[in-house]
Amino acid sequence: SRRALYGISLVYFIGITAGHPETLLHIGIVHFIYSVIRLFRMRALLLIEAFFVTVGFALGAFLLLPFIEYVFNSYMFSMRTSMNSIDSLPLFGLVYYFFPFLLGGPHLQYYRPPLGTNFQEIAGGYSGSVIFVIGLLSVILGYKNRYIKIFSGFLIAVFVIVYNIWPFWLIKLLPPFNITANNRLVGFVGFFLGVIIAIFLSQAIKS
């Protein structure tokens with residue numbers, strides 16, 4: 001619908017003004033893959049969607065253009081382009097999906113940051129143990145649904161990339177992943193689980 005297309009432009013504009021370009025880049029990659037899978041046989045619509053994404057970027061040009069100039073004068077950017085950014089999270093971080101304050105937290109009196117990472121990254125996928133369990137049950141019980149399969153695939157991709165599962169983590173050696181903080185991808189876990197739960201419950205209600 002037209003509202004959905006206008007909404008895409010608005011979402012990307014808001015994403016730009018949010019001020020976190022790496023997250024926006026990851027969102028764009030996920031959105032691109034999802035759109036190609038869903039609209040592969042409707043390429044005209046895929047091009048129309050790409051146009052409205054471009055409109056969203058055009059609306060945010062007043063922030064993007066100065067940012068591009070800033071990037072090429074950035075020490076962090078020059079450092080990352082000289083070495084592959086293969087940031088990862090330790091496997092024990094999976095415990096934080098159930099116990100995010102296992103070692104305390106920045107807002108608590110006691111806090112012991114996990115070695116090699118920080119609280120925001122290692123607990124970034126936490127959305128509550130109830131959501132995590134219901135999400136996994138939705139994957140198991142609704143595995144025949146096409147869209148649950150798609151978002152389950154995204155969920156698995158996040159895990160194998162973020163937690164350096166061989167050989168899937170090698171994708172982080174390719175651009176643009178080689179210059180982005182890929183451990184931030186863990187933030188998609190809660191979102192993907194939420195989408196899977198919504199699809200499963202919607203299907204259950206209809207049936």
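Note that this is a predicted model, so its numbers are computed, not measured.
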A.B. asks: Quick one: are V189 and S127 in side-chain contact, heavy atoms under 4.5 Å?
C.D. replies: no
A.B. asks: Check step by step if side chain to side chain contact (heavy atoms under 4.5 Å, CB included) holds for W166 and V160.
C.D. replies: CA-CA 8 Å; W166 173 268; V160 297; over 6 Å; no
A.B. asks: Going from CD1 on I16 to CZ on F57, what distance comes out if it is rounded to the nearest 0.5 angstrom?
C.D. replies: 5.0 Å
A.B. asks: Counting N and O atoms only, with roles assigned by atom type, does the side chain of T17 sit under 3.5 Å from a partner on the main chain of I14, one being a donor and the other an acceptor?
C.D. replies: yes
A.B. asks: Identify the heavy atoms of N118 and E121 that sit nearest to each other, and give their distance.
C.D. replies: OD1-N, 2.9 Å
A.B. asks: Which pair of heavy atoms, one from L91 and one from I165, lies closest together, and at what distance?
C.D. replies: CD2-CD1, 4.2 Å
A.B. asks: Would you say the side chain of R184 lies within less than 4.5 Å of the side chain of H20, judging by non-hydrogen atoms?
C.D. replies: yes
A.B. asks: Hydrophobic cluster membership, with links at side-chain heavy-atom distances under 4.5 Å among I/L/V/M/F/W/Y: are V11 and I29 in one?
C.D. replies: no
A.B. asks: Is the number of heavy atoms from other residues, nucleotides or ligands within 6.0 Å of OH (Y143) greater than 12?
C.D. replies: no
A.B. asks: Please round to the nearest 0.5 Å and tell me the distance separating atom CG of L63 and atom CD1 of I68.
C.D. replies: 11.0 Å
A.B. asks: Testing the basics here: between I197 and I131, what is the closest heavy-atom pair and its distance to 0.1 Å?
C.D. replies: CD1-O, 3.6 Å
A.B. asks: For I156 and F168: C-alpha separation, side-chain torsions, deciding distance, then whether side chain to side chain contact (heavy atoms under 4.5 Å, CB included) applies.
C.D. replies: CA-CA 10 Å; I156 293 171; F168 304 101; over 6 Å; no
A.B. asks: For K172, run the side-chain hydrogen bond (donor to acceptor under 3.5 Å, both in side chains) check against T180, N164, N182 and tell me which one passes.
C.D. replies: N164
A.B. asks: Apply side chain to side chain contact (heavy atoms under 4.5 Å, CB included) to residues I150 and R38 and explain how you reach the verdict.
C.D. replies: CA-CA 9 Å; I150 292 173; R38 184 171 182 180; 5.7 Å; no
A.B. asks: Under 4.5 Å between side-chain heavy atoms, hopping through other hydrophobics if needed: is there a path connecting L102 to Y97?
C.D. replies: yes
A.B. asks: Just checking F52 against Y6, ring centres under 6.0 Å apart?
C.D. replies: yes
A.B. asks: Looking at A198, is its backbone amide N or carbonyl O close enough to the side chain of S202 to form a donor-acceptor pair, meaning the two atoms are under 3.5 Å apart?
C.D. replies: no
A.B. asks: Are R43 and F40 in a cation-pi contact, defined as NZ or CZ under 6.0 Å from the six-membered ring centre and within 45° of the axis?
C.D. replies: yes
A.B. asks: Please report the C-alpha distance between I27 and F32 in whole Å, then the side-chain angles of each, then the deciding distance to 0.1 Å, and finally whether the side chain to side chain contact (heavy atoms under 4.5 Å, CB included) criterion is met.
C.D. replies: CA-CA 8 Å; I27 290 171; F32 172 76; over 6 Å; no
A.B. asks: Within a strict 4.5 Å, meaning less than it, do heavy atoms of the P21 and F67 side chains meet?
C.D. replies: yes
A.B. asks: Quick check against the 3.5 Å criterion: does S74 have a side-chain atom that pairs as donor or acceptor with the backbone of Y70?
C.D. replies: no
A.B. asks: Please say which of Y96, F98, Y126 ends up in a ring pair (Phe, Tyr, Trp, His ring centres under 6.0 Å) with F132.
C.D. replies: F98
A.B. asks: Under 4.5 Å between side-chain heavy atoms, counting indirect links through other Ile/Leu/Val/Met/Phe/Trp/Tyr residues: same cluster for L141 and V130 or not?
C.D. replies: yes
A.B. asks: Side-chain contact, heavy-atom cut-off 4.5 Å: F51 with L46?
C.D. replies: no
A.B. asks: Can you give me the closest heavy-atom contact between I148 and G142, atom names plus distance?
C.D. replies: CD1-O, 3.4 Å
A.B. asks: Can you get from L94 to I140 by hopping between Ile, Leu, Val, Met, Phe, Trp and Tyr side chains that sit under 4.5 Å apart?
C.D. replies: no
A.B. asks: To the nearest 0.5 angstrom, please state how far the CZ atom of F188 sits from the CG atom of L155.
C.D. replies: 12.0 Å
A.B. asks: Just how far is it from atom OG of S138 to atom CG of L193, taken to the nearest 0.5 Å?
C.D. replies: 8.5 Å
A.B. asks: Can you confirm whether V186 sits close enough to Y163 that some side-chain heavy atom of one is under 4.5 Å from a side-chain heavy atom of the other?
C.D. replies: yes
A.B. asks: Hey, what do you get for CZ (F101) to OH (Y110), rounding to the nearest 0.5 Å?
C.D. replies: 14.5 Å
A.B. asks: When rounded to the nearest 0.5 angstrom, what distance separates CG in L10 from CG in L5?
C.D. replies: 12.5 Å
A.B. asks: I196 and side chain to side chain contact (heavy atoms under 4.5 Å, CB included): which partner among F151, F154, Y147?
C.D. replies: F151
A.B. asks: Mind telling me whether F177 and H26 have parallel, tilted or perpendicular rings, with 30° and 60° as the class edges?
C.D. replies: parallel
A.B. asks: Might you point out which heavy atoms bring I37 and R146 nearest each other, and give the distance in Å?
C.D. replies: O-NH2, 3.0 Å
A.B. asks: Considering residues, nucleotides and ligands other than F92, do more than 12 of their heavy atoms fall under 6.0 Å from its CZ?
C.D. replies: yes
A.B. asks: Can you name the closest pair of heavy atoms from P100 and F119 and give their distance?
C.D. replies: O-CE1, 3.1 Å
